[in-house]
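A short write-up of the structure that comes next.
Residue numbering restarts at 1 for every chain, and letters A, B, ... go by the order of the sequence lines. Basis for what follows: all heavy atoms, side chains included, without hydrogens, waters or symmetry-related copies.
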There are 2 protein chains.
Amino acid sequence: MLVRRGREPFAGCWALPGGFVGLDEALEDAARRELAEETGLTDLFLEQLFTFGAPERDPRGRVVSVAYYALVDADGRSVNASSDAIEAKWFPVDGLPELAFDHDAILAVALERLRGKVRYAPLGFELLSRAFTLTELQRLYEVILGRDLDKRNFRRKIQTMGLLVDTGKTRQGLAHRAPRLYRFDRRRYAELERSGFTFWV
Amino acid sequence: MLVRRGREPFAGCWALPGGFVGLDEALEDAARRELAEETGLTDLFLEQLFTFGAPERDPRGRVVSVAYYALVDADGRSVNASSDAIEAKWFPVDGLPELAFDHDAILAVALERLRGKVRYAPLGFELLSRAFTLTELQRLYEVILGRDLDKRNFRRKIQTMGLLVDTGKTRQGLAHRAPRLYRFDRRRYAELERSGFTFWV
DNA sequence: CCAAAAGTGTTTATGATACACCCATGT
DNA sequence: ACATGGGTGTATCATAAACACTTTTGG
């Protein structure tokens, strides 16, 4: 999700949403505030990524950026540009425009982190609707891991972890058998994690 | 490794080494410089940990700390306090004094990161001498993982990864059979990593 | 009735675990 | 000679991988 900058420097250029931390504001609060102001996105999974502080990374002078990444579920949230952003839009990661500042480097770190962490933390579920089908989950992991997975093995592995609950509902309106919808069980995951369980895909 | 602070705030109190970033200095350079100035330690594995920026964490006003952690090999490096530090000393993690600022929280994050990352990245070798015995390596992992490991299984697993090279030398002066000394093969690790290999203990 | 994806078990291979003795060296 | 850790192999168990057909639904 990129925004087109309304102000100098890099006015009119695509960039990651962001801005300055308030004098009495926590870092994460600032990240959530800026994201909400520029895109309207709220209530997301958000985690600190890395801090970028090369001396010449901002033409205005010395600026240190504490980067955060957010994961947005696929429920079809719309984005609305406002504040300093004149436009906000989703892009595919393999079709990005040129970015302001060192934002291409920040994005590269974020992707690397996501690809690594998704294997040992249940981040994937943050990217799906609250209720999802097993095929949707499998496709997600196939995209992130960059290889095909066996349907039966994937289902067995996921189901034996005991982290999915069957909602009893099915997804309707498809030209084939209606698939069951599942939810991720956050409570159960927290319990398992405490007792030494490690999520692994 | 803690230093006793020579200046206010928290003068005389134990703290993590650190200080302010120069106006034209990269973050990692500042971390290395401060560590060298206050303890004399140089040429270490160093990695960004997390950025701490709660509004009230420093009584002087708003201070954001980009924390780094370093791993020091067991070659018996001595530490020498200087600069703002009046004393520099090693402490066991289960016998720490009270720390200045929120440094106890920073340390907790560092330990958690180390315990987690040591399992999927070859960090352990940074904590040993350049040449080490298999028993030393095993003890290290036993301490970090908090459980005993089987000698034969551990050796087989480590050796089949192909990341250790036999130096041909042995450690002398012990009251028993002289153990072989190994080196970690960084080049080979970099190769394997590129071809999709994941280190795992 | 056709197309399209959902759903389901068994066999094989691979890697993890458990386990006990002889060897080399210094005192 | 003895005490101390160094060094080695095999059998069993658990988990991962390979593999194909029937079922349900909408058009």
Problem set entry | Length of the line joining A/E136:CD and C/dG7:C1', which is rounded to integer Å | 15 Å
For this session: List the steps and the verdict of side chain to side chain donor-acceptor pair (under 3.5 Å) for A/T170 and A/Q172.
Result: CA-CA 6 Å; A/T170 54; A/Q172 300 295 327; 2.5 Å; yes
Exercise. In terms of the nearest nucleotide of DNA chain D, which residue is placed more toward the 5' end: B/D150 or B/R139?
Worked result: B/R139
For this session: Indicate, with yes or no, if the rings of B/F101 and B/F52 have centres closer together than 6.0 Å.
Result: no
Problem set entry | Nearest-angstrom distance from the residue atom CG of A/D166 to P of C/dT8 | 10 Å
For this session: State whether the side chain of A/E142 and the backbone N or O of A/L149 hold a donor-acceptor pair below 3.5 Å, judged by distance alone.
Result: yes
Exercise. What is the distance, rounded to the nearest whole Å, between atom CG of B/L174 and atom P of D/dA3?
Worked result: 19 Å
Problem set entry | Closest nucleotide among D/dG7, D/dC19, C/dA5 to the A/H176 side chain | C/dA5
For this session: Nearest whole angstrom, please: distance from the C1' of C/dT8 to the NZ of A/K151.
Result: 9 Å
Problem set entry | Nucleotide nearest A/R152 when distance is taken to its side chain, options C/dT25, D/dG7, C/dT8 | C/dT8
Exercise. Considering only side-chain heavy atoms of A/N153, which listed nucleotide, D/dG9, D/dG26, D/dA17, is closest?
Worked result: D/dA17
For this session: Rounded to the nearest angstrom, tell me the gap between atom CZ in A/R171 and atom P in D/dG26.
Result: 15 Å
For this session: Using atom CD of B/Q159 as one end and atom C1' of D/dG7 as the other, report the distance to the nearest whole Å.
Result: 10 Å
Exercise. A/Q138 has an atom CD; how far is it from atom P of D/dA17, in whole Å?
Worked result: 13 Å
Exercise. For the pair made of CZ in A/F132 and P in C/dA6, what is the distance, rounded to whole Å?
Worked result: 14 Å
Exercise. For the base of C/dG15, is there a side-chain donor-acceptor partner from B/K157 under 3.5 Å away?
Worked result: no
Problem set entry | A/Y120 ring center near B/Y120 ring center (under 6.0 Å) | yes
Exercise. Is there side-chain contact between A/L134 and A/Y182, with heavy atoms separated by less than 4.5 Å?
Worked result: yes
Exercise. Base, sugar-phosphate alone, or nothing: which one does A/T135 contact when heavy atoms must sit under 4.0 Å apart?
Worked result: sugar-phosphate
For this session: Pick base, sugar-phosphate or nothing for B/R180, based on heavy-atom distances below 4.0 Å to the nucleic acid.
Result: sugar-phosphate
Problem set entry | Residue A/R177, side-chain atoms from C-beta onward, closest of D/dG6, C/dG7, C/dG26 | C/dG7
Exercise. Can you find a donor-acceptor N/O pair under 3.5 angstrom joining the side chain of A/R156 to the base of D/dT15?
Worked result: no
For this session: Specify the residue among A/L134 and A/A175 whose closest nucleotide of DNA chain C lies further upstream toward the 5′ end.
Result: A/A175
Exercise. Does C/dT8 have OP1 or OP2 sitting under 4.0 Å from an N or O in the side chain of A/R155?
Worked result: no
